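Notes follow once the structure below has been shown.
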Amino acid sequence: MYRRIHEALLQNPPIDDYDVFKEIKFHSFFESQQAIIALCTYLQELRKNIEDLDEKQLQREFFKLLQVSLWGNKCDLSISASEDNSQKVNSLELLDDLKHFILVDDMESIWSLLINIKKRRTPKEVTRIDIVLDNAGFELITDLVLADFLLSSKLVTEIHFHGKCIPWYVSDTTKHDFNWTIKQLQSANNRWMSKCGITWEGSIRKGVMVYHDHIFWTLPHEFCSMAQVATDLYTELQKSNLIIFKGDLNYRKLTGDRKWEFTVPFHQALNKFHPAPLCSLRTLKSDVQVGLKLGQGEQLVTSEPDWMITGKYGVVQFDMSL
Ligand SMILES: O=P(O)(O)OC[C@@]1(O)O[C@H](CO)[C@@H](O)[C@@H]1O
């Protein structure tokens, strides 16, 4: 459907590059203003003392911002039929209450990977994280905040973002959305928002934040076929130390959108898709889920029949092995 909409526009210059979802994406960004201010303020405060944080404190902040990015995935305009799906409250204050809804929590393993790389890194070496983006609006801000933290804490030295070439699933991030968001922040009437915008613009100019798009992300293929059908993208991702896949649709494509048993290991469902260590930050909005403990899924089926489709539950699911 999204391809059809795009095709119809392509055939009708001068509106051939018009994004029909632009207005609602903008609306969602402006409606999330207070939550964005809270997050930008928190980040800027954190940056002031980041050099003084010990390993435990750094880990705590990493877990916080990883969870903020996870729950940012609730803000998806395709699931809400484009009704208001912005973030109204400070998401940092919700984390404790939401913790219980994380069904798979591999945050410790992700932390071990990153901190060990940092400890072993020589001064000239690059540590690279790739974030395969999902929704523009509040979710994108949470991803940028996480990226900024990873860079300013020196856990990593480069962040590569991957977005969509065409408007997709209503609110998915395109290059235009990415650049527009950073410009909006820069010119915002709030010093912390604008500081974030200016910093991120600078990071892009210096090449420590890089934006990519590739047609593969809007093709119907499951990710295990990437090495064959998009060899260039697979090769690019192999340069990464960790790939973060945001959102439900990416999860469906990671796991081939099959009716897996809930207890099937994530590694098995990836079906040999291993360009680099990877993780999924996803709130559940469709009926595929792997890597659960024995009985965990069945219990949820009984107690909450729609647990897989409401975005109430989330996973931070990691696969290290190549
Ligand atoms: O990828 P996202 O933004 O988390 O979710 C996308 C989504 O809303 O669109 C698809 C519709 O079938 C579902 O997989 C999912 O619910």
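Remember, predicted model here, so these are calculated numbers, not experimental data. Read the numbers this way: they start at 1 and go in the same order the structure lists the ligands and their atoms.
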> If you count the non-hydrogen atoms of other residues, nucleotides and ligands that lie under 6.0 Å from CD in Glu125, is the total more than 12?
Replying inline: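 Yes, because the 6.0 Å sphere around CD of Glu125 holds more than 12 heavy atoms from other groups.
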Element-labelled atoms of ligand 1 that are located less than 4.0 Å from some non-hydrogen atom of [X]:
X: Asn73; result: 4 (O)
X: Arg252; result: 10 (C), 11 (C), 12 (O), 13 (C), 14 (O)
X: Asp134; result: 1 (O), 2 (P), 3 (O), 4 (O)
X: Tyr169; result: 9 (O), 10 (C), 11 (C)

> Does Asn135, backbone or side chain, put an N or O under 3.5 Å from an N or O of ligand 1?
Replying inline: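 Indeed, backbone or side chain, Asn135 has an N or O that close.
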>> Test your reading of the structure: does Gly247 have an N or O sitting under 3.5 Å from an N or O of ligand 1?
In response: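 So ligand 1 has no N or O lying under 3.5 Å from an N or O of Gly247.
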> Can you list every pair that meets side chain to side chain donor-acceptor pair (under 3.5 Å) and has a residue in residues 183-199, with sequence neighbours left out?
Replying inline: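 As it turns out, the side chain to side chain donor-acceptor pair (under 3.5 Å) pairs with a partner in residues 183-199, which skip direct neighbours, are Lys183-Glu201.
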>> Going by side chain to side chain donor-acceptor pair (under 3.5 Å), name the pairs with one or both residues in residues 233-246, residues two or more places apart or in two chains.
In response: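 Applying side chain to side chain donor-acceptor pair (under 3.5 Å) to every pair that reaches into residues 233-246, excluding sequence neighbours, yields Ser69-Lys246, Arg128-Glu236, Asp130-Ser240, Glu139-Lys246, Asp143-Lys246, Glu236-Lys239.
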>> So that I can tick it off, tell me whether Lys206 and Glu158 are bridged by a salt bridge, with the cut-off set at under 4.0 angstrom between side-chain N and carboxylate O.
In response: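 So Glu158 does not pair with Lys206 through a salt bridge.
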> Under 3.5 Å, side chain of Asn250 to main-chain N/O of Phe245, donor-acceptor pair present?
Replying inline: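 Pair absent, no side-chain N/O of Asn250 close to backbone of Phe245.
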